[in-house]
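Worth saying up front: this structure is predicted, and the values here are computed from it rather than measured. The figures that follow rest on heavy atoms only: side chains count, while hydrogens, waters and symmetry mates do not.
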Amino acid sequence: MAEPNSPVKDENYDLVCVLEASLRNAWTMQTYIADADAAGDAELADWFRKIQHNSEKAGEQGKRMLLERLRAEEGDGE
């Protein structure tokens, strides 16, 4: 399996990329949920809601981790 290309070899960069992808996915799911609801497909809408919930949870975890890391780095510089 090939390693994904990253322009920057930095753990915080990787964290920000995954955080952004998680929050973008949660936002995108809202459109898919609305489409499934409009089509009367409750099963699909529920599945999208579960994915949205997991993406939101990952986004919140990522935000907390990023905040803690930035605070630690700031503390290291003082």
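V16 and L23 fall within a single hydrophobic cluster, where Ile, Leu, Val, Met, Phe, Trp and Tyr are joined by side-chain heavy atoms under 4.5 Å apart, directly or via other members. Note: the hydrophobic cluster containing L15 does not contain V18 (ILVMFWY, side chain heavy atoms under 4.5 Å, direct or indirect links). Hydrophobic clustering (ILVMFWY, side-chain heavy atoms < 4.5 Å, transitive): L19 and L70 are in one cluster.
S55 and S22 make their closest contact through CB-O, 3.4 Å (heavy atoms, listed as atom of the first residue, atom of the second, distance). When every heavy atom of D37 is checked against every heavy atom of A45, the shortest pair comes out as OD1-CB, 3.2 Å.
Atoms CD and CG, from E43 and D41 in turn, are 6.5 Å apart once rounded to the nearest 0.5 Å. Remark: F48 CZ to T31 OG1 distance equals 10.5 Å, nearest 0.5 Å.
A salt bridge links K63 with E60: the distance from a Lys NZ or Arg NE/NH1/NH2 to an Asp or Glu carboxylate oxygen falls below 4.0 Å.
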Stepwise side-chain contact (heavy atoms from CB on, under 4.5 Å) test for R64 and L66: CA-CA 5 Å; R64 281 194 303 273; L66 182 60; over 6 Å; no
Between N25 and Q52, does a side chain to side chain donor-acceptor pair (under 3.5 Å) hold up when you go through it step by step? CA-CA 7 Å; N25 192 51; Q52 183 182 45; over 6 Å; no
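Residues H53 and M29 have side chains not in contact (no heavy-atom distance under 4.5 Å, counting atoms from C-beta outward). Looking at R49 and I51, their side chains never come closer than 4.5 Å, going by heavy atoms from C-beta outward.
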